[in-house]
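One structure is given here, and the rest of the page talks about it.
Owing to the predicted nature of the structure, the values given are computational and were not obtained by experimental measurement. Reminder, nothing fancy here: chain letters follow the sequence lines and each chain counts from 1.
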Number of protein chains: 2
Amino acid sequence: MMDEKKRMDEFMTQCRERHVRVTPQRVEIFRQLSRCAEHPAAETLYERVRETMPAISLDTVYRTLSLLEAKHLVCTVGTVDGRTRYDATTALHYHFICDRCRSVSDIFRGEDDTFDPSIVAAGMGDVDAVNIQLRGTCRNCLDRASA
Amino acid sequence: MMDEKKRMDEFMTQCRERHVRVTPQRVEIFRQLSRCAEHPAAETLYERVRETMPAISLDTVYRTLSLLEAKHLVCTVGTVDGRTRYDATTALHYHFICDRCRSVSDIFRGEDDTFDPSIVAAGMGDVDAVNIQLRGTCRNCLDRASA
DNA sequence: TTCTTTGCAAAAACTTTGCAGCCGA
DNA sequence: TCGGCTGCAAAGTTTTTGCAAAGAA
């Protein structure tokens with residue numbers, strides 16, 4: 001795992017490359033999103049960011065996520081209970097979404113994984129982002145149900 | 001492609017198996033959704049269904065889609081512009097979503113496609129549904145831009 | 001300096017829900 | 001018959017937008 005300082009420097013560099021102004025709010029939103037393993041919705045992330053930046057407003061979180069997603073600095077994981085969930089990792093990977101507890105977990109690709117979006121979409125157009133959701137019941141919920 | 005009568009019979013059989021009551025509204029909603037290649041949102045489908053069933057209400061369309069999705073008789077394709085889009089085909093396939101024109105197209109699997117959700121999610125839990133979105137710019141929009 | 005961004009508040013958009021009468025099984 | 005379904009209307013949630021002040025390049 002990349003250390004945080006390096007990750008934040010990279011974020012700021014990419015912002016400048018894409019003409020996205022670097023503001024304290026954007027930096028903090030990205031930092032907290034990177035730290036969250038839970039793939040939070042806007043409001044959840046807002047609560048998190050408020051701990052270190054109490055004056056921030058919810059609409060700034062919405063606007064920032066929406067901007068960063070458009071610039072592919074962040075990606076959406078899908079919608080759970082009507083709320084859009086986000087991920088700071090844009091590298092190709094999958095998500096397991098539990099329909100029972102609403103948790104979202106990363107699934108990183110195995111060595112033998114040959115799934116290739118640009119081959120799959122050959123002829124359809126240019127692919128900028130990929131979102132792969134596997135929905136079902138997670139191990140925790142299965143264990144709890146059988147206990 | 002399966003003919004419509006056969007598809008509708010299958011739908012009604014599956015409804016009964018899953019204890020979902022067969023009503024004219026549900027049948028018509030499913031029929032129109034099956035006919036739509038565009039993967040419509042609830043409101044778009046509502047307009048479509050109203051052509052043959054003028055008295056239906058929008059909330060019935062919402063309730064029906066939500067029920068059918070829970071029963072895996074229909075699946076969601078993801079959210080485009082804040083609206084959930086649906087698909088009557090539940091067999092594993094992919095979707096190409098154009099961020100420019102908001103169109104959603106099916107991508108059926110190639111012969112050599114070895115992507116297997118239950119292997120990918122091995123150990124994470126039980127997978128009930130899969131949703132794979134490739135987002136980008138479609139051929140049409142690319143051609144229009146370069147013209 | 002200039003154009004963008006933020007916070008506040010209000011609004012918009014989509015979706016859900018309560019209720020009474022109706023209908024499928 | 002009985003429990004679930006529908007239409008109507010109203011509410012609920014999430015997300016977006018207008019505006020003036022503050023801030024990044």
Distance-only polar pair, side chains of B/Asp128 and B/His72, donor-acceptor under 3.5 Å: no
Side-chain N or O of A/Tyr62 less than 4.0 angstrom from OP1 or OP2 on D/dT15? yes
As an exercise, state the distance from NZ of A/Lys5 to CG of A/Asp9, rounded to the nearest 0.5 Å. 3.5 Å
Same cluster for B/Val22 and B/Met8 if Ile/Leu/Val/Met/Phe/Trp/Tyr side chains link at under 4.5 Å? yes
Polar contact flag, side-chain donor to acceptor under 3.5 angstrom, A/Thr52-A/Glu28: yes
Could you give the NE2-to-C1' distance, from B/His19 to D/dG3, as a whole number of Å? 14 Å
With sugar-phosphate meaning primed atoms plus P, OP1 and OP2, does A/Ala41 contact a base, only sugar-phosphate, or nothing at under 4.0 Å between heavy atoms? nothing
Less than 3.5 Å apart, any donor N or O on the side chain of A/His95 or A/Asp87 sitting next to an acceptor on the other? yes
Using a 4.0 Å heavy-atom cut-off, does B/Ser66 contact any base of the nucleic acid, only the sugar-phosphate backbone, or nothing at all? nothing
Salt bridge (Lys or Arg N to Asp or Glu O under 4.0 Å) evaluation trace for B/Glu43 with B/Arg83: CA-CA 9 Å; B/Glu43 186 146 3; B/Arg83 284 172 230 97; over 6 Å; no
For A/Arg63, which contact category applies under a 4.0 Å heavy-atom criterion: base, sugar-phosphate, or nothing? base
Candidates B/Thr76, B/Thr84, B/Thr79 - the one meeting side chain to side chain donor-acceptor pair (under 3.5 Å) with A/Thr79: B/Thr79
Rounded to whole Å, how long is the line connecting atom CG of A/Leu58 with atom C1' of D/dT16? 11 Å
Taking CG from B/Asp81 and P from D/dT15, how many angstroms apart are they, rounded to a whole number? 14 Å
Do B/Val49 and B/Tyr62 belong together in a cluster built from hydrophobic side chains that touch within less than 4.5 Å? yes
To the nearest angstrom, the CG-P distance between A/Leu45 and D/dT14 comes to 15 Å
Tell me which of B/Asp59 and A/Ala55 sits closer to the 5' end of DNA chain C, going by the nucleotide each one is nearest to. A/Ala55
Proximity of A/Phe115 and B/Tyr94 rings by center, below 6.0 Å: yes
To the nearest Å, how far apart are B/Ile56 CD1 and D/dC8 C1'? 14 Å
Taking 5' to 3' order, which nucleotide of DNA chain C is first and which is last to have an atom within less than 4.0 Å of a heavy atom in chain B? C/dC14 to C/dA25
To the nearest angstrom, how far is A/Glu69 atom CD from D/dT15 atom C1'? 14 Å
Pick out the pairs of N or O atoms, protein on one side and nucleotides 23-25 of chain D on the other, that lie under 3.5 Å.
{"residue": "D/dG23", "atom": "N2", "partner": "A/Arg21", "partner atom": "NH1", "Å": "3.1"}
{"residue": "D/dA24", "atom": "N3", "partner": "A/Arg21", "partner atom": "NH1", "Å": "3.3"}
{"residue": "D/dA25", "atom": "OP1", "partner": "A/Val22", "partner atom": "N", "Å": "3.2"}

For D/dT15 and A/Arg83 - does any side-chain N or O of the residue sit under 4.0 Å from the phosphate oxygens OP1/OP2? no
